[in-house]
Amino acid sequence: MLKLELRNVVKRFGENTVCNGISLGVEQGQMVCLIGASGAGKSTVLRCINLLEPIEDGEIFLDEEDISIPGLNPQNVRSKIGMVFQNFNLFPHMTAFENAILAPKRIRGLSKVDLNAEIEMLFERFELTERMHNYPDQLSGGQQQRVAIVRALAMKPEVMLFDEITSALDPQLVGEVLDVLLQLKAQGMTMVLATHEMQFARQAADKICFLKDGKVVEEGTAKEIFNTPKQAETKAFLERALK
Amino acid sequence: MPKYKAAGMTRRELYEHQQRRRSLIIAGISTICVVVTIIFLVPLAPGWEKVQKSFFNGAVLTKTFPKLLDAFRVNIMIFAWSAPAIAILGLMIALARDAKSPALFPLRIFGAAFTDIFRGVPVILTVYLIGFGIPGLGLPRPWNSPFIWGSLALILTYSAYVAEIFRAGIDSVHPSQRSAALSLGLSERQVMKDVILPQAIRNVVPSQMNMLIALQKDVSLLSFIGPVEIFRQAGVYKSLFANFTPYVGAAIIFLIVTIPATRYADYLMARQMRERR
Amino acid sequence: MSKKMIVSAVALALLATNAFAGGHCASGKTLEKGKFTIATGNPAYFPWVMDDAPESGQGFEAAVGYAVAKEMGFAKEDVVWVRSSFDEAIQPGVKNFDVNMQQYSITDERDQVVDFSVPYYTAPMAVLVGASATGTAATIEALKNLKWGAVGSTTAVQKIANSVKPNNAPLLYADNADVNAAITANQIDAAMFDLPTALFLSAVMIEGSKVIGQFPSSESDDADQFGMLMEEGNPLKSCVDTALNSITKSGILASIEAQWLQDTTGVPLIK
C-alpha cells in the first residue's frame, strides 16, 4: 500500500505546462528525492501534493484516498502533510516558539499546558531550546530552517515535503539541516524532497526520481540512478551535477 | 611625528574631523545669513508695520490664546473618537475588497464604490452634505447633532484612504508567507488574522501616522456645520478684533501637536527603510 | 423721441456739473479719480441689496450708497460696486474699495484696525427660532434653554454670550445660509441676527420659523450700529461722515429706511 501516490498529474500556469503527467509512488517511511534542473517541475509537484496549487488533470492519493477532488476542503489534507520551503518563510512577527505553536493551537485542540510541553519537547529534540524565544531575524539561516521544520512537525504530519530547503543556506550551515532530515528518516517519517544536494540524495534516498520538462524521466534506487542510469538525459544531468 | 598621530586619530579620522568642522562652519554661516536677511529685510517692507499689527499682535494673542486652547479640546475630542472608528472601518473595507467568497461579492462592490466615492469628493463637501443633509431628514435630538454627522463624514472619508493603505500593506506581505501558513493547515481567515494582517499593519504604521496628522487638521472642517472648535473660535476673535492674530495663535497650537507627530512618522518611515535594506 | 434725448442730455450735464462742484471734498481721495467705489457682500442679501444687484440702487444699503455718493457729488454712473469678504476688508494692505458696506457693526476693537463712518443704521438684535421653538416666550429665562446658533463673524456671538448666556454652548457658522441649514435640520432652536435680516430670513428663507423678540435699544451699549468700513486713516472718512450726517438731517436716510426696511415695531421686546 502506497502512503502517497500521484497519477498522471498535470499542472499548467497559463500556457506553460509545468507538470506534464507525473506519476509517483511513495511508501510509508520512504525518503524520495526529486532531482532535476531548475524549472523541471520539482517544486510544483510538492506544491500540488500540499494542494497549494490546484491540478488540471490526474489524481493524488493519500492513504488511497483521492485528495485532489476539486472543491475538497484542503485544510484536513494540509494538516497531515507538512511542508518546508527554500526561504524558510517563518512568520517574522512571531518568536520561533510562537511560529511553531500557532497552527496546533488553532487546529489541534489540545490543552495549552499539553501543547506547550509538546512543542518545547520538539525544540529540545532539535537542539533549539536556547533559541526558542528568539525572533527569526535573530537566528542564523540554518537555525531558521530547523525552526521551520519544527513548525511543520508541530502539526504531527504523516508526510513531510521539503522544497530545496538547503538552497538558500551558506555552505557551512547545510550540514545541520541535512542532519535533521536523517534524524527524521531514522524515526520513520515519510518524506519527499526536491533537492540539488546530490551527495545527500545518493546516501540517504530510498528512491530517486529524475524530472525533466514536467515529466519523470527515470526513477529507481540511488544506486540505480547514480551508478547505472538508463536514460541518456539522466546521465547527462548527473554528469553536469556531479562535476 | 605626523599631526594625526599626535591627536590620537588615524589619518582618515583626522580628515573626516576636518571635513565635519568645515561643513559645520559653512552651514552656520549660511544659516546666520538667511536669518539676518529675514530679520532685517522683512521689516523694511513698506507694509510690515501693518502686517505685524494685524497678524502678530502680542496683545491680541495673549487675550485669545487661552480660549483657543480651550477650543482645541473640541478638536481633540472629535479626533479621539474618529481615529479608532476610522481604523476599524478602514480595515473592514480593505478586507471586504479582498474578500473571495461569492457571497461577499456585494461587499466587494460596496468596498470599491465606497473608496472611489469618498476619495473623490472633497472632505468639506462630504462634511456639508452629511452634516446638514442627514439631520435634515428629521432625526430627533440629540441624534441630529453636527458632532455625530460631521464626525461620520470624516470617518467615511478617511476610512476610504486608510482602507487603501491597509490594502497596500496586505499586498506588501510576500505571498510565500501565505503559502507557509496555508501549508500548516490554517484556514484563509486564520492566515489573514494571524499571519498577514499583523505584518501588513506593521508595514503601514508610518503611512497611517501621516493620515492621523492629516485628520487632526481636517477636524477643523467640522466648524462649517456648527461646532466651535479652534478654527471657528479663532474666526470669531478675528471678527471681534478685526485682526488675524488669532489664526496665527491657532496655527501655533496645531504645530505644537503636529510637528512632533510628523517627526515621529518620519522617524518610523526612516527606520522601516533601514530595515528593508 | 428727440425731446426725451435732449432732456436726458441736459439732466446728465447737470449731474456732471454737480459732480464737479461737489466732488471737492472727495477729490483726489478716492481709489480711482472721479469714481466712488463701494464694496458689498458676495452674495449681498435682501433687504440690504435686492437681487444681489447693487447697481440697481434697490435695497437699503444700495440706496444709502447712492445717496451718500450723490451727497458727496458723485453721479450715479461714477459709483463702482465691488465685492469683498470681511477678511479682505480687514487685511493689511491696499484695499479695492473706498467704503465697504455690509452690515458691519461698529466696535471699539475693530475701530483700532479700520475706520468706520458714523452709523447709517442702528439695528436691534433679534431672535429667530425654528418651527419647533415658535412657542418660546420672549424672556431671557426661556431663551437660555434653547440651543443657539449664529454667524461666527458677527457681533451676534457676543450678544448671545453676554445677554442670553445660554445653558448650552452655541454652534457657530460661516454665513446666513449655513445657519438656515442648521435651523432646518433642527440642529439649533434659535439664531441671533440683526432684526431686518431676521425678519427677511423668517419671511422668505426658513419655513415655519418666527422672529419671537428683539432686544430693547436701551441696552444700547452693545446695540448694533452699522457703519461704512474704510481703511485705517482713510482721508475720505470726513467727507463720508459729512454726507451721512447731511442725509440723516434732511430725512433722506429715514425715507430710505422706511422704503426698504420693514416696520419692526411689531416684534415684541425681550424681557
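Convention: sequence-line order gives letters A, B, ...; per-chain numbering from 1.
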Asks: In terms of heavy-atom pairs under 4.5 Å, which option from A:L161, A:I81, A:L90 contacts chain B the most?
Replies: A:L90
Asks: Give, as side chain, backbone, both or neither, the part of B:Q177 having an atom under 4.5 angstrom from any heavy atom of chain A.
Replies: both
Asks: Measuring from A:R78:CZ to B:S187:OG, what's the distance to the nearest 0.5 Å?
Replies: 10.5 Å
Asks: Examine whether an atom of A:M83 lies under 4.5 Å from a heavy atom of chain B, and if so say whether it belongs to the side chain, the backbone or both; otherwise answer neither.
Replies: both
Asks: For the side chain of A:H93 and the backbone of B:D194, is there at least one donor-acceptor N/O pair under 3.5 Å apart?
Replies: yes
Asks: Given side chains that start at C-beta, do those of B:K193 and A:R106 come closer than 4.5 Å, heavy atoms only?
Replies: yes
Asks: Taking all heavy atoms of B:Q190 and all of A:I107, pick out the closest pair and write down the distance.
Replies: OE1-CG1, 4.5 Å
Asks: Taking atom CD of A:Q187 as the centre, does the number of heavy atoms from other residues, nucleotides or ligands within less than 6.0 Å exceed 12?
Replies: yes
Asks: Rounded at 0.5 Å granularity, tell me how far OG in B:S176 sits from CG in A:L52.
Replies: 11.5 Å
Asks: Would one find more than 12 heavy atoms of other residues, nucleotides or ligands at under 6.0 Å from atom CD of A:E127?
Replies: no
Asks: Quiz question: by atom type and distance under 3.5 Å, do the side chains of A:R47 and B:S179 form a donor-acceptor pair?
Replies: yes
Asks: Taking every heavy-atom pair that is under 4.5 Å apart, which of A:A103, A:P104, A:A152 has the most such pairs with chain B?
Replies: A:A103
Asks: Nearest 0.5 Å please: distance from the CG atom of B:L186 over to the CG atom of A:L102.
Replies: 5.0 Å
Asks: Check B:A180 against A:F91 and note the closest heavy-atom contact, atom names and distance.
Replies: CB-CE2, 4.2 Å
Asks: Are there over 12 heavy-atom neighbours, none belonging to B:R73, within less than 6.0 Å of that residue's CZ?
Replies: no
